[in-house]
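A short write-up of the structure that comes next.
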Amino acid sequence: MKKILTFQHKSVLDKINEGVYKCDILSEYYNNTPKCYKMLRDRLRINHNPIFGWAKVLEEEINVNQKTIKRCLEMTKFDSKDYVLLELNIPDKFVDLQNFYMFVDARCEEEGIDPYYENFEDFPFDVIFEFGENEEIQATFPEIRKEWIENIYSFNDKCEYELYK
């Protein structure tokens, strides 16, 4: 089992309560980098978009605390009024891990933002799945099942948190 944290819009909770939530949202990132998203779908063997979360930040395994929430929000912004934090325990076979910064580099390369390579196909995709000791690791997974939820938290702009009511 992998402990994963994921920020989800509050509307997703209704879908999870029905049993299983699969991502049905096409983000701006997806629209700008469809090849990167296809790679993740292929690795998970799914036809829909993956759900993103965190497996490791701040050089340690993921834990719910103010410091972790702050770091996650520094890397990906979510409005505390509209989002909740889910603490999940997902069977390993459903989780794919990526080096967060290497995945961001691949997205930037596909978008043509600060391109380093002559073309996107030259990007060394293996680096996305290589981890050093101090790497921040994002996780992708095909769905959120109700039984995978350990806790749900609300949080505020100061990264204070409490169990969601």
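Only heavy atoms go into these numbers, but all of them, side chains included; no hydrogens, no water, no symmetry mates.
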> Do Phe78 and Phe7 make the cut of ring centroids closer than 6.0 angstrom?
Replying inline: yes
> Does CG belonging to Asn47 count more than 12 external heavy atoms closer than 6.0 Å?
Replying inline: no
>> Salt bridge or not between Arg107 and Glu110? Use side-chain N to carboxylate O under 4.0 Å.
In response: no
>> Can you confirm whether the side chains of Thr140 and Gln98 place a donor and an acceptor under 3.5 Å from each other?
In response: yes
>> Can a donor-acceptor pair be found, under 3.5 Å and without considering hydrogens, that links the side chain of Asn63 to the backbone of Asn65?
In response: no
>> Taking Asn156's backbone N and O only, do any of them form a donor-acceptor pair with Lys81's side chain (distance below 3.5 Å, no angle check)?
In response: no
> Under 6.0 Å between ring centres, would you say that holds for Tyr29 and Phe103?
Replying inline: no
> So do Leu5 and Thr68 actually touch side chain to side chain, heavy atoms under 4.5 Å?
Replying inline: yes
> Would you say the side-chain atoms of Glu143 pair up with the backbone N or O of Ile51, donor to acceptor, closer than 3.5 Å?
Replying inline: no
> Any donor-acceptor pair under 3.5 Å linking the side chain of Lys15 with the backbone of Ser11?
Replying inline: no
> Can Leu40 be reached from Tyr30 by stepping across I, L, V, M, F, W or Y side chains whose heavy atoms are under 4.5 Å apart?
Replying inline: yes
> Is there side-chain contact between Glu136 and Lys56, with heavy atoms separated by less than 4.5 Å?
Replying inline: no
>> Tell me whether the count of non-hydrogen atoms from other residues, nucleotides or ligands lying under 6.0 Å of CD in Glu147 goes above 12.
In response: yes
>> I want to check something: taking the side chain as every heavy atom from C-beta on, are Pro142 and His48 in contact at a cut-off of under 4.5 Å?
In response: yes
>> Can you confirm whether Lys2 sits close enough to Ile62 that some side-chain heavy atom of one is under 4.5 Å from a side-chain heavy atom of the other?
In response: no
> Is the number of heavy atoms from other residues, nucleotides or ligands within 6.0 Å of CD (Glu118) greater than 12?
Replying inline: no
> Does the ring centre of Trp148 sit less than 6.0 Å away from the ring centre of Phe141?
Replying inline: no
> So, is the end of the Arg145 side chain (NZ or CZ) under 6.0 Å from the ring centre of Phe94 and within 45° of the ring's axis?
Replying inline: yes
>> Quick one, Ile137 and Phe100 - any side-chain contact, counting heavy atoms below 4.5 Å?
In response: no
> For Glu18 and Lys146, what are the C-alpha separation, side-chain angles and deciding distance, and is it a salt bridge (charged side-chain N to carboxylate O under 4.0 Å, His left out)?
Replying inline: CA-CA 8 Å; Glu18 294 170 9; Lys146 192 174 181 177; over 6 Å; no
> Closest approach of Ala55 and Ile4, non-hydrogen atoms and distance?
Replying inline: CB-CD1, 3.9 Å
> Which residues pass the side-chain contact (heavy atoms from CB on, under 4.5 Å) test with Cys108, sequence neighbours left out?
Replying inline: Val104, Ile113
> Is the count of non-hydrogen atoms from other residues, nucleotides or ligands lying under 6.0 Å from Asn17 atom CG greater than 12?
Replying inline: yes
> Does one hydrophobic cluster hold both Ile152 and Tyr83, with members joined at side-chain heavy-atom distances below 4.5 Å?
Replying inline: no
> Does NZ in Lys67 sit with more than 12 non-hydrogen atoms of other residues, nucleotides or ligands closer than 6.0 Å?
Replying inline: no
> Tyr164 versus Leu13: any side-chain heavy-atom pair under 4.5 Å?
Replying inline: yes
> Where is the tightest heavy-atom contact between Arg71 and Val57, given as atom of each residue plus distance?
Replying inline: CG-CB, 4.3 Å
> Got Met102 and Asp105 here, is their nearest side-chain heavy-atom distance under 4.5 Å?
Replying inline: yes
>> Taking the six-membered ring for Trp, are Phe155 and Tyr161 closer than 6.0 Å centroid to centroid?
In response: no
> Excluding sequence neighbours, so at least two apart, what forms ring pair (Phe, Tyr, Trp, His ring centres under 6.0 Å) with Phe123?
Replying inline: Tyr117, Phe125
>> Leu86 vs Ile144, test: side chain to side chain contact (heavy atoms under 4.5 Å, CB included). Steps then yes/no.
In response: CA-CA 10 Å; Leu86 279 69; Ile144 298 174; 4.2 Å; yes
>> Under the criterion salt bridge (charged side-chain N to carboxylate O under 4.0 Å, His left out), I'd like the reasoning laid out for Lys3 against Glu87: C-alpha separation, chi angles, the key distance, then a yes or no.
In response: CA-CA 7 Å; Lys3 184 174 182 178; Glu87 180 180 17; 3.1 Å; yes
